[in-house]
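Structure first, then comments.
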Amino acid sequence: MDNSYDNSVYLLENQCKGCTNCIKHCPTQAIRVRNNKAVITKNKCIDCGECIRICPHHAKKAKRDFIDAIKQYKYTVALPAPSLYAQVNHLDDVNIILTGIKKLGFDDVFEVSAAAEIISEKSREYIAENRDKWPVISTACPTVVRLVQVRFPNLVDNLLPLITPAELAAKLARQIAMDETGLKSEEIGIFFLSPCPSKVTAAKNPIGYEKSDIDHVLAIKDIYPALISAMTEVAANPEDLVRSGKIGISWGITGGEAAGLLSDSYVAADGIGNVISVLEDLEDDKFNKDLEFIELNACNGGCVGGVMTVENPFAAKAKLQHIRKYLPVTAPHDEVDDDKTTWTSDVEYEPVFELADNLKESMAKMAQIDALCEEFPGLDCGCCGAPTCKALAEDIVRGVAKKRDCIHILREYINKLSDDISIISGD
Amino acid sequence: MPNLMELKYQVSNEDFTRAGEASSDVKKKLKQLGVSPDVIRRVAIALYEGEINMVIHAYGGEITVTISEEQITMTLADRGPGIPDIDKAMQAGFSTAPDNVRNLGFGAGMGLPNMKKNSDTIDISTEIGVGTTVVMTINL
Ligand SMILES: Nc1ncnc2c1ncn2[C@@H]1O[C@H](COP(=O)(O)OP(=O)(O)OP(=O)(O)O)[C@@H](O)[C@H]1O
Ligand code: SF4
Ligand code: SF4
Ligand SMILES: [Mg+2]
């Protein structure tokens, strides 16, 4: 696999004021402000969306596609994430939202929640058959998978080696479309309606398999206004399109995936800070040996908290619970072979935080970092563009920053210069 | 072989929520140094158990971790009550942890056996009323 990792969060340069708010909130310290602009180090970014949430100037954006891309295809299918259902008030019938989506210009819709029910079943089997991998860590949130890959080498083996519900939905939808229309695969466009940039990245750079079946990823918030009006038009007479039940739709909120396992031996954590502490504890063996499963969602509340959604996650959760009421526990699904749902490539640890590639050199660098930290005031003020004094020290040792980027060091230097000048000029 | 790096941590028994800070910092540093994942896992587990023991059974103390190109040495020195019978303490399931500590999920008597299991050598010297020093090494 190619090493260049391409994330989806990017900077709108002309909007960035260099205020340093984002550098402090990045959980992997992937952002620096240089020349008054925020710069993201791609291979450290896990697309959690925290900087998009925090930026007061809306300078951080998520790369994504837009709906006019449907024109490139003869036939298109939309895959709504379950979190989309949670954006709508008083929705009693999922068919209204699904018919509304079709009305936006798609030829068909295939619910991600339907595929989620199949993944729930496959997960139950995998967990039952792989006791040595307990606790199995969910892989539905691509941010979590990437985080484990770059920061938790010892947990890579615990990752659930199954494709995401969105990915399975894409596969199944493509097959159905090909069977029904007789068109070739490339004439069919599969569009995922996503809550987050992380899933945009997963469609471009999948981890655990070679190529995604998703052709385009649209943001829920971009299609939202048009969807709401389309829904009012179709509300009186929606088509019958629902293919999922409570289990599938619950994947949109934290604990939903775990509930689908029908076992209570699980931990479900949401919010990137909580996710990191659970992974840290897991790495130190702090959980019981009989814990079966750990569900982790980078966003508060689960995918309903994604940065490309509209509603706040708490209101969204209530809405999802309302919709769920009217549905059966699960819908019937055709049998899907394991090889369709299982990862096809190994996930390898990528040590992006390593200082050097051998111990001796790394230790020398770490000693330099410690020495530099002694010189800095330890205020972590961020004025240098790095989130902490320590991070600046690391940047200096890596050769990408200099000591006088610290404004306190710079001030001392200037004071000294002016003293020297006064000595020379004799006053 | 000279030690290339030494890390020192004061462990206090005053704030239970801070127990584990030393092992978590060591873990972070070892990742930056590019030490193998398996060694990191064993160091993290052994050190965390030792750190918790210093907090629960002693009154805190000092942890010193030295790293050379061949091995990692962890020295945990406390000023606690000492261990009357080391062989007994090393047995899986033996614990003198009081109820309030057991309620927090500790006291299974698995700490020392886990430390032994995850290190290449372990040496405990102890004196009643003076303190205990545990030295563990893990080969790189
Ligand atoms: N640093 C220490 N000072 C004094 N006594 C100790 C120390 N470390 C361990 N002990 C004694 O050895 C016993 C066994 O320790 P061990 O770590 O194996 O189990 P535990 O701490 O009681 O329970 P667990 O580690 O499973 O939570 C302890 O109960 C305690 O009596
Ligand atoms: S938060 Fe970051 S991206 Fe936004 S203006 Fe400040 S420095 Fe720029
Ligand atoms: S929790 Fe869901 S919405 Fe948030 S990053 Fe993960 S997959 Fe995306
Ligand atoms: Mg113990």
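Note that the coordinates shown come from a computational prediction; the quantities given were computed from them, not determined experimentally.
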Checklist entry - With a 4.5 angstrom heavy-atom cut-off, which part of B:V43 approaches chain A: side chain, backbone, both or neither? => result neither
Checklist entry - Within a radius of less than 6.0 Å around NZ of B:K117, do more than 12 heavy atoms belonging to other residues, nucleotides or ligands occur? => result no
Checklist entry - Taking atom CG of A:D264 as the centre, does the number of heavy atoms from other residues, nucleotides or ligands within less than 6.0 Å exceed 12? => result no
Item to check | More than 12 heavy atoms of other groups within 6.0 Å of A:H408 NE2 | outcome: yes
Next on the checklist: How close do B:Q32 and A:F353 get, counting heavy atoms only, and between which atoms?
Outcome noted: CG-O, 3.7 Å
Item to check | Inter-residue atom distance A:D370.CG - B:M5.CE, 0.5 Å rounding | outcome: 6.0 Å
Checklist outcome for this item: Heavy-atom closest pair (A:F152 atom, B:K31 atom, distance to 0.1 Å) is CD2-NZ, 3.7 Å
Checklist entry - Quick check: are there more than 12 heavy atoms from other residues, nucleotides or ligands sitting under 6.0 Å from NZ of B:K28? => result no
Next on the checklist: Using modelled atom types and a 3.5 Å cut-off, is there a donor and acceptor pairing between side-chain atoms of A:N154 and backbone atoms of B:P37?
Outcome noted: yes
Checklist entry - When rounded to the nearest 0.5 angstrom, what distance separates CD in A:E280 from OG in B:S23? => result 9.5 Å
Item to check | More than 12 heavy atoms of other groups within 6.0 Å of A:R53 CZ | outcome: yes
Checklist entry - Between atom CZ of B:R42 and atom CG of A:D285, what is the distance when rounded to the nearest 0.5 Å? => result 13.0 Å
Checklist entry - Just wondering, more than 12 heavy atoms not from A:D290 lying within 6.0 Å of its CG? => result yes
Checklist outcome for this item: Scored by heavy-atom pairs under 4.5 Å with chain A, the best of B:D38, B:L33, B:I40 is B:L33
Next on the checklist: Is it the case that atom CD in A:E348 sees more than 12 heavy atoms from other parts of the structure closer than 6.0 Å?
Outcome noted: no
Checklist entry - Of the backbone (N, CA, C, O) and the side chain (C-beta and beyond), which part of B:L140 lies under 4.5 Å from a heavy atom of chain A, both, or neither? => result side chain
Checklist entry - Where does A:K365 contact chain B at under 4.5 Å (heavy atoms): side chain, backbone, both or neither? => result neither
Checklist entry - Would you find a donor on one side and an acceptor on the other, under 3.5 Å apart, between the side chain of A:K360 and the backbone of B:E69? => result no
Checklist entry - Under the 3.5 angstrom rule, does the side chain of B:K29 hit a backbone N or O of A:M366 as a donor-acceptor pair? => result no
Checklist entry - For A:K24, does the NZ atom have more than 12 heavy-atom neighbours from other residues, nucleotides or ligands under 6.0 Å away? => result yes
Item to check | Engaged part of A:E361 at the chain B interface, taking heavy atoms whose separation is under 4.5 Å | outcome: neither
